[in-house]
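Remarks on the structure that follows.
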Amino acid sequence: MVAIKAFLKTIYHGKGSEGQNWRWTFIGVDMLLMLFFVVTTFIDHDPMPRWLVITDYGIGTYLLLDWLARGWVSADRIRYLSRPLAMLDLLVILSLFAPALTESFIFLRVIRTLRLLHSYHLLHDLRQLSGFFRDREEIISAALNLLVFIFVASSTVYALQVRVNDNINNYVDAFYFTVSTLTTTGFGDITLPDTTGKIIAAFMMIIGVSLFLRLIQSIFRPSKVSHECPDCGLNRHDRDAVHCKHCGVTLHISTEGA
């Protein structure tokens with residue numbers, strides 16, 4: 001058991017090449033699962049195909065083992081179990097082991113796409129694994145926030161409208177409506193005419209446009225690095241800054257000379 005726990009610590013938290021390679025693998029698997037969860041919204045679930053039930057059980061088993069392993073090697077298990085991300089993962093796992101319940105409550109099936117929220121944890125891993133991600137962390141974080149919001153909003157539109165709106169027949173319809181709404185294009189071929197739909201659309205425009213503007217700002221404003229000034233506390237500086245712009249104190253920002 002000690003050897004197994006040591007191995008799990010290596011693949012989840014190790015800083016060597018072995019741990020990094022495992023985390024790259026986990027990132028790839030998570031992206032494939034996200035794609036699978038979205039694609040399966042196109043499949044007729046009445047009745048649910050046997051192969052899909054078996055696949056759901058297999059994915060659920062994998063995610064459950066991963067969830068238990070992360071908790072086992074966590075330094076603070078109570079804190080790990082109380083994290084929103086851990087609870088969301090558990091909800092996704094339960095939905096995979098309850099296909100009949102999932103079809104009764106369609107939101108449980110769509111909430112599997114919220115596995116994308118796991119990407120916040122992946123971003124932390126990527127920051128450790130790659131200098132490319134460290135140098136562009138602000139842009140990547142802003143893009144990730146917008147992407148996660150689009151998937152969450154699309155999932156909500158699909159879950160609440162697929163059975164009552166003839167214009168929403170699959171996840172792509174919901175995704176298309178979400179993107180056209182966020183970009184204020186509004187072609188009008190897909191609408192949410194009921195009160196609930198109007199509230200959803202208004203919420204998406206308020207939050208989504210703000211996130212989109214944040215991404216544009218991150219892309220076009222001068223690139224800065226995170227480094228807290230020891231005197232005034234300013235934590236964003238130009239990459240080649242020698243003195244703090246606020247108080248003038250000498251800075252010692254670690255760079256690679258580029």
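All residue numbers in this chain count up from 1 along the given sequence.
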Pairing residues for Asp189 by the side chain to side chain donor-acceptor pair (under 3.5 Å) criterion, not counting sequence neighbours: Tyr176
Ile54 atom CD1, neighbour heavy-atom count above 12 within 6.0 Å: yes
Evaluate the criterion side chain to side chain contact (heavy atoms under 4.5 Å, CB included) for residue pair Thr55 and Trp51; output intermediate values, then yes/no. CA-CA 6 Å; Thr55 304; Trp51 69 266; 3.8 Å; yes
When rounded to the nearest 0.5 Å, the distance separating CD1 of Ile59 from CG of Leu32 is 10.0 Å
Could you tell me if the side chain of Leu160 sits less than 4.5 Å from the side chain of Leu192, heavy atoms only? no
Heavy-atom side-chain proximity of Phe36 to Leu52 below 4.5 angstrom: yes
Would you be so kind as to tabulate the donor-acceptor pairs closer than 3.5 Å made by side chains of residues 195-209, with sequence neighbours excluded?
none

Sequence neighbours left out, what passes side-chain contact (heavy atoms from CB on, under 4.5 Å) with Ser210? Give chain and number order. none
Considering all heavy atoms of both residues, which atom of Lys5 and which atom of Val73 are nearest to each other, and what is their separation? O-CG1, 3.9 Å
Just do the side chain to side chain contact (heavy atoms under 4.5 Å, CB included) check on Leu81 and Trp67 with the steps written out, would you? CA-CA 10 Å; Leu81 294 174; Trp67 189 83; 3.5 Å; yes
Taking all non-hydrogen atoms of both residues, which atom of Asn165 and which atom of Pro193 are closest, and how far apart? ND2-CD, 3.8 Å
Reference residue Thr178; test side-chain contact (heavy atoms from CB on, under 4.5 Å); the match among Ile190, Asp173, Val157: Val157
If the condition is side-chain contact (heavy atoms from CB on, under 4.5 Å), which residues does Thr61 pass it with, not counting sequence neighbours? Leu65, Phe97
Indicate yes or no: at least one non-hydrogen side-chain atom of Tyr158 is less than 4.5 angstrom from one of Val172. no
Across all chains, not counting sequence neighbours, the ring-ring contact (aromatic ring centres under 6.0 Å, His included) partners of Phe7 are Trp22
Of all heavy-atom pairs between Phe177 and Thr191, which one has the smallest distance, and what is that distance? CE1-CA, 4.4 Å
So, using side-chain contact (heavy atoms from CB on, under 4.5 Å) as the criterion, who are the partners of Val179 when residues are at least two apart? Ile150, Phe175, Thr183
4.5 Å side-chain heavy-atom contact, Val249 and Cys229: yes
Side-chain touch Asp194/Gln161, heavy atoms, less than 4.5 angstrom: yes
Using the rule that two of Ile, Leu, Val, Met, Phe, Trp, Tyr join whenever any of their side-chain heavy atoms come within less than 4.5 Å, decide whether Leu68 and Met87 are in one cluster. no
Minimum heavy-atom distance Ala174-Ser154, with the two atoms named: CB-O, 3.4 Å
